[in-house]
Amino acid sequence: MWTTVGGAPAGREASRPVDAGVEEEAVEPAGRVESGMGGAGSPGLLQAGPLTGAERGQGYRRPPTAPSHRRAADRQTAAGTRRTAGRADGTAHRAPPRARTYRPPIDTTDLQPSGTPGQRLRDDEARRAPLVSASDGRAPALHWPAGGPDDTERVAAPAVERDADGYADLRTYAVIGDGRTVALVARDGRIDWMPLPDLDSVVPFAALLDAEDGGCLELAPVEPYEVEREYVRHTDVLTTTFRTASGSVRVTDALTTGVAGRLPWAELVRRVEGLEGRVRLRASVRPGTCLGTAAPWVRTTPEGALLRVDGLTTAVVTGLLEAGDDGGGGGARLERQDREREVVLDLETCEGSRHVVGLVATEREPLWVPSASDLDADLDRTVENWRTWTRTFLWDGPWDEAVRRSALVLKLLLHSPSGAMAAAATTSLPEDPSGSKCWDYRYAWVRDSAYSLEALLRFGLREEPHAAVSWLLRTIRQDGQVPEVFYSLGGEVPDDGVSELQVPGWRGAGPVVEGNGAASQLQLGVYGDLFSIVRLYVDAGGVLDAETGRLLAATADAACDRWRQRDAGMWELHEPRHYTTSKMGCWLALTAAVHLAELGQVPGDPARWRSEAELIRTWVAEHCWSEELGAYTWYPGTDDLDASVLLHAVSGFDRGERMSSTLDALRRELSHGPHLYRYTGAAAEEGAFVACSFWMVSALQLCGRGEEARALMDALVDGEDSALNDVGVLAEMLDPATGHWLGNLPQALSHLALVNAAITVHEHSRED
C-alpha cells in the first residue's frame with residue numbers, strides 16, 4: 001500500500017542497522033583471421049548476418065562463434081568468481097583443447113606475400129558504408145558542445161533515444177561511480193547498469209543488456225519533458241534538469257563516498273530539487289534477474305522493505321527534506337509503495353522542494369541503513385571529495401574540459417581496493433551491431449595499466465600510480481615471473497572459461513558473456529607494457545625493491561627468449577603471427593630494462609638485453625617494412641596495415657621518415673574522417689576504434705607534424721564528428737557514418753588515449 005508524506009519534511013533522523021617454457025598452439029594454415037578472443041579491443045570477423053525483426057522480438061541469442069578453451073588445471077577460477085553455464089543443460093560452450101607443440105626459433109614460413117593491395121578490402125564506398133542504419137542527423141544533445149561545456153550553452157532536447165523494446169542509444173549514457181562500482185545513467189534519468197557491490201560483481205540492475213528482466217532504477221517526469229545535463233564541475237556527480245510544461249526539476253546523481261574514502265557499503269543517492277512550477281515524477285527501484293541467474297524478492301521488516309537478490313541485501317531510503325512552496329501555500333509530496341519485486345515512488349515537486357531517493361547495498365554481510373538526511377549530506381560530501389581530488393592533478397593545456405573529464409572517468413575505473421584499472425565498466429556491448437563480437441571487459445589489462453600510469457604521472461599524481469604499480473608487481477609475483485595479459489580486479493589470474501548467459505543483449509545483439517577467452521594467449525606486447533610502467537615510475541622518482549628488481553631481470557631474459565615466437569598480437573587474434581607491434585613491444589621492454597639496469601634499479605649485466613633489442617630492430621626493418629606501401633605492415637609478408645604501430649612512435653621505436661610515411665598510409669587506408677579503424681578490413685565488421693584516432697594525434701606530434709596533430713585533436717574533441725558524447729564520455733568504438741557508439745563503455749583505453757594525446761601535443765608545443 002502507499003505511504004504518503006506531504007506538506008512538511010519527513011524522514012528518519014537516526015541511522016539504524018539491519019540485520020616454465022612457453023608453448024604455442026599448433027595452428028592449421030589459414031588465409032584469413034577467424035575471430036578475436038575478446039580483450040580490450042578484441043577483433044574478429046563477422047560471423048552471422050543481422051538479426052531479423054522476429055528474432056529481436058523473441059530475445060534471440062546467436063550461438064557462440066568462438067568456443068573457448070579452458071586453460072590448464074592450475075588456472076582455476078578465483079574464489080567467489082561466478083561462472084554461469086551457457087546451455088540449458090548447465091554446461092558451458094567449449095571445444096576440446098587443440099594439440100600443443102613447442103616451436104623452434106623464429107621461422108619464415110609466413111613471410112611470403114599473401115596477396116596484392118588490390119585483393120584487400122580497400123574500396124572506399126564499401127569501407128565507409130554505415131554499420132547501422134543512418135539517422136537524419138545525431139541529436140545535438142548527444143554531442144560534446146564545441147569547446148567544452150563552459151564555452152557553449154547546454155542543449156535541451158527531448159529524450160527520445162530509446163527504442164520500442166526499451167534499449168537506449170549507447171551515446172546517451174553518463175557514468176557515476178565510487179571507486180568500487182559504476183552506474184550508467186541515460187538521458188531520461190534511468191539507471192540501466194549497476195553491478196553491486198563491485199564492478200565485477202553480480203549485476204542486479206542490467207536493463208542495458210536485458211530490457212525486460214534486467215532491472216533498472218527509473219526517475220523522470222510523468223509528462224513530456226526536455227533534458228539538459230552536465231557534471232557538477234570537477235566531479236563525477238551528475239545533474240540532469242528536466243523541463244516540462246508545468247515546471248522544471250533538477251536530479252543530482254552520485255555513488256557516494258565517505259569521510260575516509262569509499263564507504264564500506266554501496267550507496268546511490270538521487271537528490272530531486274524543485275526549480276519552478278510543479279512537476280510530478282515517477283521513480284522505481286526494480287532489481288532484475290542478475291542476467292538470468294537469480295530471482296529478486298522483497299522482504300518486509302520492521303525497518304522497512306528489503307530487496308534481496310543473489311546474496312545482495314538492498315534497502316531503498318526515501319524522504320522529503322524540504323517541502324517548498326508553490327506560491328499558493330501548497331508543498332511537495334512523496335508517496336511510496338513497496339511491491340512484491342520493486343519499490344515505486346510518486347513524487348511531486350515545487351519551487352524550493354527537495355526529495356532524496358537512495359539505495360544502499362551489501363553482499364553477504366549486514367546492512368547499515370542511513371536516514372534520508374544522512375544520504376543528502378553524503379552527496380554534498382562526495383562533491384567535495386571529488387573537488388579535493390581534482391585539485392591534486394596539474395593541467396594547464398588546451399582541451400581542458402575534455403582532459404579533466406577523461407581523468408575523472410579514469411578515476412572511476414581505478415578499482416580502489418586493489419589499484420587495478422578496469423578496461424571498461426560493462427560486458428557484452430557489441431562491436432558489431434548485428435551480433436557477435438561481445439566481450440567482458442571488467443578485468444585489468446596490463447596494457448591499460450601502463451597507459452593509465454603514464455597519464456596519471458604526467459598529471460603529477462602520486463597515490464594512484466603507486467597503487468597501480470604495486471598491484472601489478474605484487475600480482476605478477478604471486479602467480480609467477482611472466483606477466484599475464486590481464487587479471488581480475490582483485491589480482492587473480494582468470495581462467496579462459498567463457499559462459500554465455502540466457503539474456504538477449506543490447507538490442508538483441510548478443511551473446512552476453514561472463515569471462516574472457518584471451519587469458520591463456522601469448523601476447524608479447526605485455527613485456528613492453530610492464531617495463532613501460534616500471535620505467536615511468538622510476539623516472540618519476542620511484543625506487544624499486546630488491547625482489548622487484550630480480551623479477552624484472554628474469555622477465556627481460558624471458559623477452560629475449562620469446563620475441564621470436566608467433567603470438568596473438570595486441571588485438572588478441574586467434575591466428576598466431578609475427579605481428580610487427582609485438583616485436584616492437586619486446587624492443588620496448590628490453591630497452592627499458594637496459595635503462596633500469598643502468599640506473600641500478602635492476603640487477604645484472606644488460607649487455608644481452610641491449611644486443612637482443614638491436615636484433616629486433618634489424619628484424620623489423622628487414623621483414624616488416626613495405627617499400628611499395630611506404631609503411632610498416634601488420635605482419636611480415638602482407639600488405640595489410642595495423643593502427644597499433646602508432647604506439648611505437650610514442651615508445652620511441654621510430655619517429656623518423658619511415659614512421660611518418662606509415663602515418664600517411666594509415667590515414668589513407670584506415671580512416672573515415674578523423675576516425676581510424678584498427679586494421680585492414682575492420683571497417684567491414686566493426687566501428688572505428690576510438691583510441692586509434694588519439695594515438696594518431698600523438699604519433700603526428702612526435703613525428704614533427706604538430707599542426708596536423710592539433711587539427712586532428714580539435715576534430716576529435718570539438719568537431720562535428722567528435723567522439724565524445726554530451727557529457728564527455730567515450731566508448732570503445734563508433735560508427736563514423738552515423739556517430740552511433742559500439743563496444744563496451746566507458747572505455748579506459750579511449751580516455752587514456754585522449755589524455756596522453758593532449759599532454760603530448762601540449763608538451764611538445766611548449767618545447768617548440
Side-chain angles (χ1 to χ4, degrees), residues 9 11 13-15 148-150 154 174-183 185 191 194 197 229-241 249-275 317 319 321-322 352-361 368-396 400-417 419 456 459-467 727-729 746 751:
E13 294 306 320
S15 303
D150 290 342
R154 284 278 164 185
V175 59
I176 58 176
D178 62 359
R180 288 184 65 186
T181 191
V182 303
V185 188
I191 295 175
M194 189 167 66
R229 63 180 182 172
E230 61 186 337
Y231 285 100
V232 176
R233 186 168 175 79
H234 298 328
T235 79
D236 277 320
V237 175
L238 180 71
T239 64
T240 304
T241 301
V249 60
R250 178 172 57 237
V251 176
T252 303
D253 287 323
L255 279 163
T256 58
T257 53
V259 175
R262 61 182 174 85
L263 291 166
W265 56 82
E267 182 177 287
L268 170 73
V269 179
R270 317 194 78 180
R271 177 189 288 164
V272 184
E273 297 174 280
L275 302 180
V317 179
L321 303 183
E322 298 288 345
S353 66
R354 181 158 49 104
H355 296 78
V356 167
V357 179
L359 177 78
V360 291
W368 187 270
V369 182
S371 68
S373 57
D374 287 339
L375 296 185
D376 193 55
D378 289 350
L379 193 153
D380 289 332
R381 183 180 59 237
T382 300
V383 168
E384 185 53 37
N385 287 347
W386 280 116
R387 287 175 170 166
T388 298
W389 182 78
T390 56
R391 286 194 289 267
T392 65
F393 71 82
L394 308 173
W395 177 247
D396 61 352
D400 179 76
E401 287 292 332
V403 170
R404 290 181 180 274
R405 177 50 47 203
S406 288
L408 283 159
V409 172
L410 291 171
K411 177 66 171 172
L412 292 180
L413 295 173
L414 276 168
H415 187 58
S416 62
L456 296 171
F459 277 136
L461 297 172
R462 297 174 298 170
E463 295 177 13
E464 289 82 3
H466 178 80
V727 290
V729 175
H751 285 282

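Taking the charged nitrogens against the carboxylate oxygens, R391 and E384 do have a contact shorter than 4.0 Å, which makes a salt bridge.
Across D178 and R180, no two heavy atoms sit closer than the pair OD1-N, 2.9 Å. Scanning all heavy atoms of the two residues, the minimum distance from L379 to A254 falls at CG-CB, 4.4 Å.
Residues R405 and L410 are not in side-chain contact: their nearest non-hydrogen atoms beyond the backbone lie 4.5 Å or more apart. For the pair V175/Y231, a side-chain contact is recorded, criterion being any heavy-atom separation below 4.5 Å from C-beta on.
Between the T392 side chain and the W389 main chain, a donor and an acceptor come within less than 3.5 Å of each other. Without hydrogens or angle criteria, R404 side chain to R233 main chain gives no donor-acceptor distance under 3.5 Å.
Atom CD of E464 sits about 6.5 Å away from atom CG of L414, to the nearest 0.5 Å.
Other residues, nucleotides and ligands contribute only 12 or fewer heavy atoms inside 6.0 Å of the NE2 atom of H466. Environment of CZ in R381: crowded, with over 12 heavy atoms of neighbouring residues, nucleotides or ligands closer than 6.0 Å.
Evaluation of the side chain to side chain donor-acceptor pair (under 3.5 Å) rule for T252 yields no partner, not counting sequence neighbours. Shown here are the side chain to side chain donor-acceptor pair (under 3.5 Å) partners of R271, two or more places apart in sequence or in another chain: D376, D380.
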